[in-house]
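Here the structure comes first, spelled out in structure tokens, and everything after it is commentary.
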Amino acid sequence: MHALSLPTWVIHISSVLEWIAAIWFVQQLHRYRPQEGWRWLAWAMLPALVSAMCACTWHYFDNAPRLAWLVDLQAILTFVGNCTLCLAAAWLWWRGRQPYRPDRID
């Protein structure tokens with residue numbers, strides 16, 4: 001656990017907690033406006049969260065060589081997360097351009 005300084009740990013852990021809070025807030029937004037498709041954005045945020053957790057786990061175990069696969073997993077999840085977030089944002093943009101219909105639910 002000595003691989004990172006205390007301020008760096010604070011940033012890592014607070015980033016993970018902020019990402020969890022952001023997912024929760026987006027999910028709450030979906031409860032109030034389900035027809036826009038906010039649920040998909042909340043799901044699209046999960047790969048990036050798991051990616052951040054991989055980084056924290058690897059650093060927690062002092063960047064152990066036996067856990068080097070976590071770095072690869074983090075890279076893959078970052079790429080997948082960026083793609084899913086892009087698709088979810090495009091979906092929200094596309095849905096926002098359509099006329100509002102209260103009877104439509106995703």
Side-chain angles (χ1 to χ4, degrees):
M1 192 161 153
H2 302 290
L4 300 178
S5 66
L6 183 61
T8 305
W9 270 116
V10 169
I11 291 170
H12 272 62
I13 292 170
S14 64
S15 295
V16 169
L17 293 175
E18 289 169 357
W19 203 248
I20 291 169
I23 292 171
W24 185 81
F25 284 123
V26 169
Q27 187 60 34
Q28 296 307 306
L29 183 58
H30 170 70
R31 293 175 131 201
Y32 295 104
R33 302 196 50 138
Q35 61 275 20
E36 262 77 41
W38 290 100
R39 166 186 49 194
W40 299 113
L41 182 62
W43 280 104
M45 295 171 80
L46 288 177
L49 173 63
V50 177
S51 172
M53 290 177 172
C54 287
C56 288
T57 302
W58 191 58
H59 290 315
Y60 180 79
F61 290 104
D62 290 327
N63 304 339
R66 63 185 164 83
L67 296 177
W69 58 271
L70 281 172
V71 177
D72 297 330
L73 181 60
Q74 179 194 7
I76 291 168
L77 287 172
T78 298
F79 175 75
V80 170
N82 289 343
C83 292
T84 58
L85 284 168
C86 179
L87 291 171
W91 177 256
L92 285 169
W93 175 80
W94 182 76
R95 291 299 291 247
R97 294 177 49 93
Q98 295 182 357
Y100 177 73
R101 286 183 35 214
D103 61 324
R104 181 182 71 203
I105 298 178
D106 293 338

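The first residue in the sequence is number 1, and the count goes up from there.
- Put simply, Ile20 and Trp43 are part of the same group of oily side chains (I, L, V, M, F, W, Y) that touch within less than 4.5 Å, one to the next.
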- Task: Kindly indicate, with the supporting measurements, whether the criterion side-chain contact (heavy atoms from CB on, under 4.5 Å) is fulfilled by Ile23 and Leu41.
- Result: CA-CA 8 Å; Ile23 292 171; Leu41 182 62; over 6 Å; no
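- No continuous path of ILVMFWY side-chain contacts below 4.5 Å connects Leu6 to Tyr60, so the two sit in separate hydrophobic clusters.
- Summarising the geometry of Arg33 relative to Trp38, their closest heavy-atom pair is O-CD1, 3.6 Å, with the distance given to 0.1 Å.
- Residue Thr84 holds its OG1 atom at 10.5 Å from CZ of Phe79, rounded to the nearest 0.5 Å.
- Using a distance-only test at 3.5 Å, with no hydrogens or angles considered, no donor-acceptor pair links the side chain of Ser51 to the main chain of Pro47.
- With rounding to the nearest 0.5 Å, the separation of CH2 in Trp69 from CD1 in Ile76 is 11.0 Å.
- If you chain together hydrophobic residues whose side chains sit under 4.5 Å apart, Leu46 and Leu92 fall into the same group.
- Ile11 and Met53 fall into different hydrophobic clusters, where Ile, Leu, Val, Met, Phe, Trp and Tyr side chains are chained together by heavy-atom contacts under 4.5 Å.
- Linking ILVMFWY residues whenever their side-chain heavy atoms come closer than 4.5 Å, directly or via other members, places Trp93 and Trp40 in the same cluster.
- Note: Leu67 CG to Asp62 CG = 10.5 Å, rounded to the nearest 0.5 Å.
- In this structure, Leu49 and Trp19 approach most closely via the heavy-atom pair CB-CD1, 3.2 Å.
- If you look at Trp94 and Trp91, their ring centroids are closer than 6.0 Å.
- Between His12 and His59, the closest heavy-atom pair is NE2-CD2, 3.6 Å.
- Across Ala52 and Val16, no two heavy atoms sit closer than the pair CB-CG2, 3.8 Å.
- Distance alone, capped at 3.5 Å, is enough to place a donor-acceptor pair between the Trp58 side chain and the Ala64 backbone.
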